[in-house]
Q: 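This is the structure I want to talk about, given as structure tokens.
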Amino acid sequence: MKMTPMEIRRKGYGALVNALGVAGTIRFLQQFDIGHGDYTKERHQWLDEVNLEEFLNDIKQLREEKPTT
């Protein structure tokens with residue numbers, strides 16, 4: 001059975017209310033923000049500045065700083 005977007009939304013809200021209660025659901029939903037700007041353009045701005053060697057060195061450094069458990 002295919003649900004409409006409205007039915008999916010209703011069931012989703014119902015699941016949240018059942019799991020978190022009304023206050024918890026409201027707090028959860030308040031955390032979401034539709035954002036602003038052009039993600040694709042901004043992503044290229046950060047990633048175009050990083051080369052593969054720097055990226056791999058950063059990963060190695062993070063692994064050394066935070067040992068896995």
Side-chain angles (χ1 to χ4, degrees):
M1 178 174 116
K2 187 174 179 180
M3 290 188 283
T4 67
M6 181 60 83
E7 290 170 325
I8 292 170
R9 200 172 302 120
R10 267 194 212 126
K11 286 188 180 231
Y13 287 146
L16 286 170
V17 170
N18 286 336
L20 303 174
V22 174
T25 297
I26 291 169
R27 289 178 55 209
F28 175 77
L29 293 173
Q30 287 174 333
Q31 294 179 40
F32 290 96
D33 180 11
I34 56 174
H36 62 281
D38 183 339
Y39 172 76
T40 303
K41 183 178 177 182
E42 292 172 7
R43 182 176 175 270
H44 280 289
Q45 288 173 346
W46 338 305
L47 294 179
D48 289 348
E49 295 175 4
V50 178
N51 65 41
L52 182 58
E53 186 177 337
E54 289 174 312
F55 179 72
L56 294 174
N57 285 334
D58 288 346
I59 291 173
K60 287 178 188 176
Q61 184 177 358
L62 287 171
R63 287 181 176 168
E64 291 170 0
E65 292 173 2
K66 187 177 179 185
T68 58
T69 54

Q: Could you work out, with side-chain hydrogen bond (donor to acceptor under 3.5 Å, both in side chains) as the rule, every residue matching Gln30, not counting sequence neighbours?
A: none
Q: Report the hydrophobic cluster partners of Ile59, with the cluster defined as I, L, V, M, F, W, Y residues connected by side-chain heavy atoms closer than 4.5 angstrom, directly or transitively.
A: Val50, Leu52, Phe55, Leu56
Q: Heavy-atom count check: over 12 atoms from other residues, nucleotides or ligands less than 6.0 Å from Glu53 CD?
A: no
Q: Would a distance-only check, ignoring hydrogens and angles, find a side-chain to backbone donor-acceptor pair under 3.5 Å from Glu54 to Asn51?
A: yes
Q: Please collect all side chain to side chain donor-acceptor pair (under 3.5 Å) contacts where either partner lies in residues 2-25, sequence neighbours excluded, each pair once.
A: Thr4-Glu7
Q: In the hydrophobic cluster built from side-chain contacts under 4.5 Å, what are the other members alongside Val17?
A: Val22, Ile26
Q: In a table with atom names and distances, give each donor-acceptor pair under 3.5 Å that connects a side chain of residues 36-49 to protein atoms at least two apart or in another chain.
A:
from, atom 1, to, atom 2, distance (Å)
Asp38, OD1, Thr40, N, 3.2
Asp38, OD1, Lys41, N, 3.2
Trp46, NE1, Glu42, O, 3.2

